[in-house]
Amino acid sequence: SLWFKRNSLAFPSKLRQASITTMPAIPFSSSFFVLQPRFNYHITPIFRSLSHQLSSSPFPFNANSSSVRLHCALSQAAETESPSGARSGALSPGPPVTGKVQKIDVNPPKGTRDFPPEDMRLRNWLFNNFKEVSRLYGFEEIDFPVLESEALFTRKAGEEIKDQLYCFEDRGNRRVALRPELTPSLARLVIQKGKSVSLPLKWFTIGQCWRYERMTRGRRREHYQWNMDIIGVPGVMAEAELISSIVTFFKRIGITESDVGFKVSSRKVLQEVLTCYSIPENMFGKVCVIIDKIEKIPVDEIKKELKAVGLSQEAVQDLLQVLSVKSLTELEERLGGSGEAIADLKQLFALAEKFGYSKWLQFDASVVRGLAYYTGVVFEGFDREGKLRAICGGGRYDHLFSTFGAEDIPACGFGFGDAVIVELLREKGLLPELGLQIDNLVCALDEELQGYAATAANMLREKGQSVDLVLESKPLKWVFKRAARTNADRLILVGNSEWQRGMVVVKILSTGEQYEVKLDDLI
């Protein structure tokens, strides 16, 4: 270390003058890198440059010499030390790269999407409809981090979610996960707010979710989801209101009851059947997860999985018979009319009549939803042609909060993904045409007038109008093509003679009308 301090200024020139075969060994120790991190950082580029020069030198050299070892050690140290002595992930610049640079894969990771402008316009259109419906129903918007504690999703979500998590341990040794759904984050926020918020809460959010699952049409490993939740209302009126909001959304985008319906049931139906066979309560969630696969895998596989979790042959047969029921009247005959499940479902169908969407609903006992935290009424939106997976789904989750150590609050909500609905709109020919649309295209006819064109553009922008300013000197043919591509309403031309008179040329592109106007009167 002392040797370096005495010779640091002269050292580079000595290195250039000496042959590698005659270079003396330079004493150093590993403690040097701890004591002199700033020196490491500044001296390393010198050694890197030397190494590159020596690699093409005609003189032989010893790869094990102390000078070469010093260069390697300094290079490694510089990759972890900054001038301030702090750790850095950045690599120091190395020798110039020779040979052909391999191209990166320009596709996004499997199961994810890019959103170029045309796709972004569609996404914004969809999200704006989500938000407008939520506003019409008096819901307030919220949001949460995409990255959450892993425990938030593994306490009572169901085994399938656990297997699909994008999870890892962060640098602080905390287990975290990209959220696979939004409801647990909502519950966390409600618990955090405690008594500072008054019930009922009517909240909505639109957030990105991540699940590592098998991809099919309308199913990806990331998607955006619209959630609406009502916290603090124990009655079925809350579920009726939520289904009404989804129907309102469908109507806004051109979907009718002949295109889409809702399958409705209650988790309490399943619970009543399992109680008859003394199935313990802790098995209920596992059974629900299996039943949710009833349209995805063969019935024999369903039977096998149900037996594997402890159901008897008789219980499996009876359960599957009840789940095949498609009529509320038939269900009442099987279970009797005194249970909570029948009462809730009857009330929901009666409310659907009052809301005006009864034609959208149908009873289907096999609907249980795959998440273990549902406790009562559950529902799924489906396309009547059966070409797509569930469009949306939700239900009541009155006991979710206690799984996080808080007092339970009655709650219900739904999730509505962005992928399946786009597939449905495409299938029905209902995707909107959403081209770029601007109010004005402003162009200078001479290069020296570009600053004045910018003045005109800013005046229009300050008045709330959108402006595409041509930033280079372009021929008029190009300008008109640009105006057509951007669907501009007007073309504002800044010419020399007009500008000297304080005027600009305005051309209405839809009619071809053209006139001059004072800059101050341009609106």
Side-chain angles (χ1 to χ4, degrees), residues 111 126 129-130 133 157-161 163-164 180-183 206-229 239 242-250 253 255-267 269-270 288-298 302 323-324 326 345 348 352 357 360-374 376-397 412-428 430:
L126 186 66
N129 276 287
F130 288 158
V133 169
E159 292 300 323
E160 189 178 35
I161 284 286
D163 294 338
Q164 295 171 350
E181 54 155 334
L182 300 170
T183 306
I206 302 168
Q208 192 178 33
C209 301
W210 295 81
R211 293 187 188 185
Y212 192 88
E213 58 183 344
R214 186 175 64 87
M215 292 180 296
T216 59
R217 186 183 179 191
R219 183 192 292 265
R220 298 182 176 89
R221 290 175 178 167
E222 60 81 22
H223 70 281
Y224 285 87
Q225 187 167 298
W226 171 41
N227 273 34
M228 291 178 69
D229 293 85
E239 286 93 325
L242 290 172
I243 296 174
S244 175
S245 68
I246 304 174
V247 171
T248 299
F249 169 78
F250 281 138
I253 63 174
I255 299 292
T256 69
E257 68 268 20
S258 62
D259 301 315
V260 165
F262 291 89
K263 295 177 182 179
V264 180
S265 187
S266 173
R267 280 282 181 94
V269 171
L270 190 61
C288 288
V289 171
I290 296 169
I291 296 301
D292 187 55
K293 304 175 187 175
I294 209 160
E295 293 183 354
K296 304 168 187 174
I297 62 175
I302 296 288
L323 294 175
S324 66
K326 306 296 180 186
L345 291 167
L348 180 60
Y357 59 78
W360 295 71
L361 298 193
Q362 67 183 56
F363 174 74
D364 188 333
S366 67
V367 175
V368 295
R369 303 295 295 158
L371 297 172
Y373 52 67
Y374 287 119
V377 170
V378 286
F379 55 87
E380 277 185 4
F382 69 100
D383 80 294
R384 295 193 185 273
E385 292 185 3
K387 294 180 179 180
L388 301 168
R389 61 187 290 265
I391 302 167
C392 58
R396 180 159 289 276
Y397 51 93
C412 61
F414 70 79
F416 194 123
D418 70 324
V420 179
I421 187 61
V422 169
E423 291 293 332
L424 180 64
L425 290 170
R426 185 176 287 114
E427 189 78 28
K428 301 294 180 183
L430 294 172

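Only heavy atoms go into these numbers, but all of them, side chains included; no hydrogens, no water, no symmetry mates. Everything quoted here is computed from the prediction, not taken from an experiment.
By the side chain to side chain donor-acceptor pair (under 3.5 Å) test, Gln208 is found to be paired with Glu222, residues two or more places apart in sequence or in another chain being considered. Judged as a side chain to side chain donor-acceptor pair (under 3.5 Å), and not counting sequence neighbours, Ser324 has no contacts. Checked against side chain to side chain donor-acceptor pair (under 3.5 Å), Ser366 has the following partners two or more places apart in sequence or in another chain: Asp364. Scanning for side chain to side chain donor-acceptor pair (under 3.5 Å) contacts around Tyr357 gives an empty result, with sequence neighbours left out. For Arg426, the salt bridge (charged side-chain N to carboxylate O under 4.0 Å, His left out) partners two or more places apart in sequence, or in a different chain, are Glu423. Not counting sequence neighbours, the partners of Asp418 by the salt bridge (charged side-chain N to carboxylate O under 4.0 Å, His left out) test are Arg113.
The minimum heavy-atom distance linking Val133 with Ser245 is given by the pair CG1-O, 3.3 Å. Shortest non-hydrogen contact noted between Gly413 and Asp229 is CA-OD2, 3.4 Å. Gly395 approaches Phe379 most closely through the heavy-atom pair N-CE2, 3.8 Å. When every heavy atom of Arg220 is checked against every heavy atom of Gly111, the shortest pair comes out as CB-O, 3.3 Å. Here the shortest heavy-atom pairing between Ser258 and Arg384 reads O-CD, 3.5 Å. The minimum heavy-atom distance between Val378 and Val367, with the atom names listed, is CG2-O, 3.4 Å.
Between Thr256 and Phe250, every side-chain heavy-atom pair lies at or beyond the 4.5 Å cut-off. In this structure the side chain of Ile391 never reaches within 4.5 angstrom of the side chain of Ile246, judged on heavy atoms. Side-chain atoms of Val247 and Phe262, non-hydrogen and from C-beta on, do get closer than 4.5 Å to each other. Within the 4.5 Å cutoff, no side-chain heavy atoms of Trp360 are placed close to those of Ile243. Looking at Arg221 and Gln164, their side chains never come closer than 4.5 Å, going by heavy atoms from C-beta outward. Val368 is not listed as a side-chain neighbour of Ser265, based on a closest heavy-atom distance of 4.5 Å or more. Between Leu430 and Ile253 there is no side-chain heavy-atom pair separated by less than 4.5 Å. The shortest distance between side-chain heavy atoms of Glu380 and Arg369 falls below 4.5 Å.
Atom CG of Leu424 and atom CD1 of Ile255 lie 4.0 Å apart (nearest 0.5 Å). Within the model, atoms OG1 of Thr248 and CG of Asn129 stand 11.5 Å from one another, a figure rounded to the nearest 0.5 Å. Rounding to the nearest 0.5 Å places CG of Leu182 at 11.5 Å from OH of Tyr224. Note that CD of Glu385 is 7.5 Å distant from CG of Asp259, once rounded to the nearest 0.5 Å.
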Quiz item: Does the pair Leu242 and Cys412 meet the rule for a side chain to side chain contact (heavy atoms under 4.5 Å, CB included), with working shown?
Solution: CA-CA 9 Å; Leu242 290 172; Cys412 61; 3.6 Å; yes
Quiz item: side chain to side chain contact (heavy atoms under 4.5 Å, CB included) between Ile302 and Ile290: does it pass, once the steps are laid out?
Solution: CA-CA 7 Å; Ile302 296 288; Ile290 296 169; 4.2 Å; yes
Practice problem: For side chain to side chain contact (heavy atoms under 4.5 Å, CB included), just list the numbers for Leu345 and Val264, CA-CA rounded to whole Å, side-chain angles, deciding distance to a tenth of an Å, and then say yes or no. | Solution: CA-CA 8 Å; Leu345 291 167; Val264 180; 3.9 Å; yes
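Taking the six-membered ring where tryptophan is involved, the planes of Phe249 and Phe416 are perpendicular, since the angle between them exceeds 60° and thus also 30°.
With hydrogens and angles disregarded, no donor-acceptor distance shorter than 3.5 Å links the side chain of Arg267 to the backbone of Arg396. The main-chain N or O of Leu388 is found under 3.5 Å from a side-chain atom of Asp383 such that the two form a donor-acceptor pair.
Crowding of Tyr212 atom OH: a count of heavy atoms from other residues, nucleotides or ligands under 6.0 Å not exceeding 12.
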